[in-house]
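Written below as structure tokens is the structure these notes are about.
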Amino acid sequence: MEHKFDISDVTNRRLSTLARHLEVSTMESSVNEGLYASITSGFDGNSNSVFAHVVKAPEDPILGVTVAYNNDPSPVKLNLGVGAYRTEEGKPLVLNVVRRAEQQLVNDRSRVKEYLPITGLAEFNKLSAKLMFGADSPAIKENRVTTVQCLSGTGSLRVGGEFLARHYHERTIYIPQPTWGNHPKIFSLAGLSVKTYRYYDPATRGLNFQGLLEDLGSAPSGAVVLLHACAHNPTGVDPTIQQWEKIRQLMRSKRLLPFFDSAYQGFASGNLDTDAKPVRMFVADGGECLLAQSYAKNMGLYGERVGALSIVCNTADVANRVESQLKLVTRPMFSNPPIHGASIVATILRDRNMYDEWTVELKAMAERIISMRQKLFDALQTRGTPGDWSHIIKQIGMFTFTGLNKEQVAFMTKEYHIYMTSDGRISMAGLSSKTIPHLADAMHAAVTRTL
Ligand code: PGU
């Protein structure tokens, strides 16, 4: 690719470097003040900035909700935007088992902070694959799985997308409609062309299974299909096991390539193995697939950015070559992944006792969310809020896709200081018994005022 430089750009850049240089010197002495003022005067106003043409980007549709929430001084404000678990007291939770693992790591004086290999912490990769595919997975035993540690779920999806754009013959990925808002951006920036398949039926607030089968049925042979492994975001609607089986048969018969996004293993049913079932069905048939795993939610390691990309291949030899190419994707992207989060996960997954403790804590999180569903449903019933709200109980995972529209959401934010994404998704994990009446009041008012 040819790079063209405009000479005035270069001059501007040099001048700004000089100005920055002088800024440092003026801190040390005031001798240069006059000269500094005359050189920098051209840079003072917005209009002369080399970035003057940069337009203000809108806030992120999900993380921007937290920004707006943080700026609200109201004491009754409630953030149900981001999918982040809160305790009954409304506080973020660090799992006990995570604290234990971290303590162990800190106490171990032999640990160092050297770079990890490009593919990350080998033990973490192995254990992550085992967690999803199962301890007795033939694909693992036959060394047909390659796993690379990436920056949480997002990074794993991006690396998988870039690998496919470079090495896979069909560059179209089908994502569910609707899906997590970052999916289309991740995959198009990775170099794939993004199309959607029908998933959610607003009329039934359930799965549009017929539409899904039709859309995948008419996708070009070989196309990549993004599937939420469990606890679909934002709808909280998953296919049943029988429906998964039909999806699998259709996809395999059409040679569609499954790319699973697993951000909520354990959060749907409260059980890690149950939630892994759909993925295991696809691996059991001997076919190939990709998997992006995140430990943000199920271990509460949000900010540690710990996750993995696995690619299940036909043979060990292919897997080996695929891994060598994955290294060429990640090396110029982030060189090698961070050590701390992966070490916490490996410490927990390798130790039977800690693993069990984790499953108990995970189940408690999932159960608290389920109890919030019932409480919110009951609160709306008590208020006689018009409409059928049974989907609040039926949907699973972290979110309820309420069916509230943009205007109703805006009303709830303005009048009740309740923050949520404009598509009407609420994070059930952000609720507590104390805040449910406030939310139910807001929902009741939003629904009845626009009747
Ligand atoms: N995939 C899905 C389906 C997700 O919902 C999320 C996070 C991710 C991947 C990425 O998670 P990592 O943190 O990169 O592991 N979705 C949350 C978190 C906020 C956000 O948008 O990143 C959400 O509230 O939708």
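All ligand and atom numbering here is 1-based and tracks the order in the structure. On a predicted model such as this, the values are computed, not experimentally measured, just so you know.
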Can you tell me the protein heavy atom closest to [atom] and the distance?
{"atom": "atom 18 (C) of ligand 1", "value": "K297 NZ, 3.2 Å"}
{"atom": "atom 21 (O) of ligand 1", "value": "W180 NE1, 2.9 Å"}
{"atom": "atom 12 (P) of ligand 1", "value": "S152 OG, 3.3 Å"}
{"atom": "atom 19 (C) of ligand 1", "value": "V82 CG2, 3.7 Å"}
{"atom": "atom 11 (O) of ligand 1", "value": "T154 OG1, 4.0 Å"}

Can you list the atoms of ligand 1 that are under 4.0 Å from a heavy atom of [X]?
{"X": "A263", "answer": "1 (N), 2 (C), 4 (C), 9 (C)"}
{"X": "D261", "answer": "1 (N), 2 (C), 3 (C), 9 (C)"}
{"X": "A296", "answer": "13 (O), 15 (O)"}
{"X": "G153", "answer": "12 (P), 14 (O), 15 (O)"}
{"X": "S294", "answer": "12 (P), 15 (O)"}
{"X": "R425", "answer": "23 (C), 24 (O), 25 (O)"}
{"X": "R305", "answer": "12 (P), 13 (O), 14 (O)"}

I'd like to know if the side chain of [X] pairs up with that of [Y] as donor and acceptor (distance under 3.5 Å, no hydrogens or angles considered).
{"X": "Q395", "Y": "H232", "answer": "no"}
{"X": "S390", "Y": "D388", "answer": "yes"}
{"X": "D108", "Y": "Q104", "answer": "no"}
{"X": "R425", "Y": "N233", "answer": "yes"}
{"X": "T421", "Y": "D423", "answer": "yes"}

So is [X] close enough to ligand 1, meaning a heavy atom under 4.0 angstrom away?
{"X": "M398", "answer": "no"}
{"X": "Y302", "answer": "no"}
{"X": "H232", "answer": "no"}
{"X": "N182", "answer": "no"}

If we only count N/O pairs under 3.5 Å, is H228 in contact with ligand 1? no
For the 3.5 Å polar cut-off, considering only N or O atoms, please tell me whether L157 and ligand 1 meet it. no
T400 pairs by side chain to side chain contact (heavy atoms under 4.5 Å, CB included) with which of I392, L80, T235? I392
Within the structure provided, determine whether V306 and I344 are in side-chain contact (heavy-atom separation under 4.5 Å). no
Do the ring planes of H183 and H228 sit parallel (below 30°), tilted (30 to 60°) or perpendicular (above 60°)? perpendicular
Looking at Y419, I'd like to know if the NZ or CZ of K77 sits under 6.0 Å from its six-membered ring centre while staying within 45 degrees of the ring's axis. no
Is the distance between the ring centroids of F124 and Y295 under 6.0 Å? yes
Closest heavy-atom pair, P386 versus V447, reported as atoms and distance to 0.1 Å, is O-CG1, 3.9 Å
Judged on heavy-atom distance to atom 24 (O) of ligand 1, which of G83, A429, P234, G181 sits nearest? G83
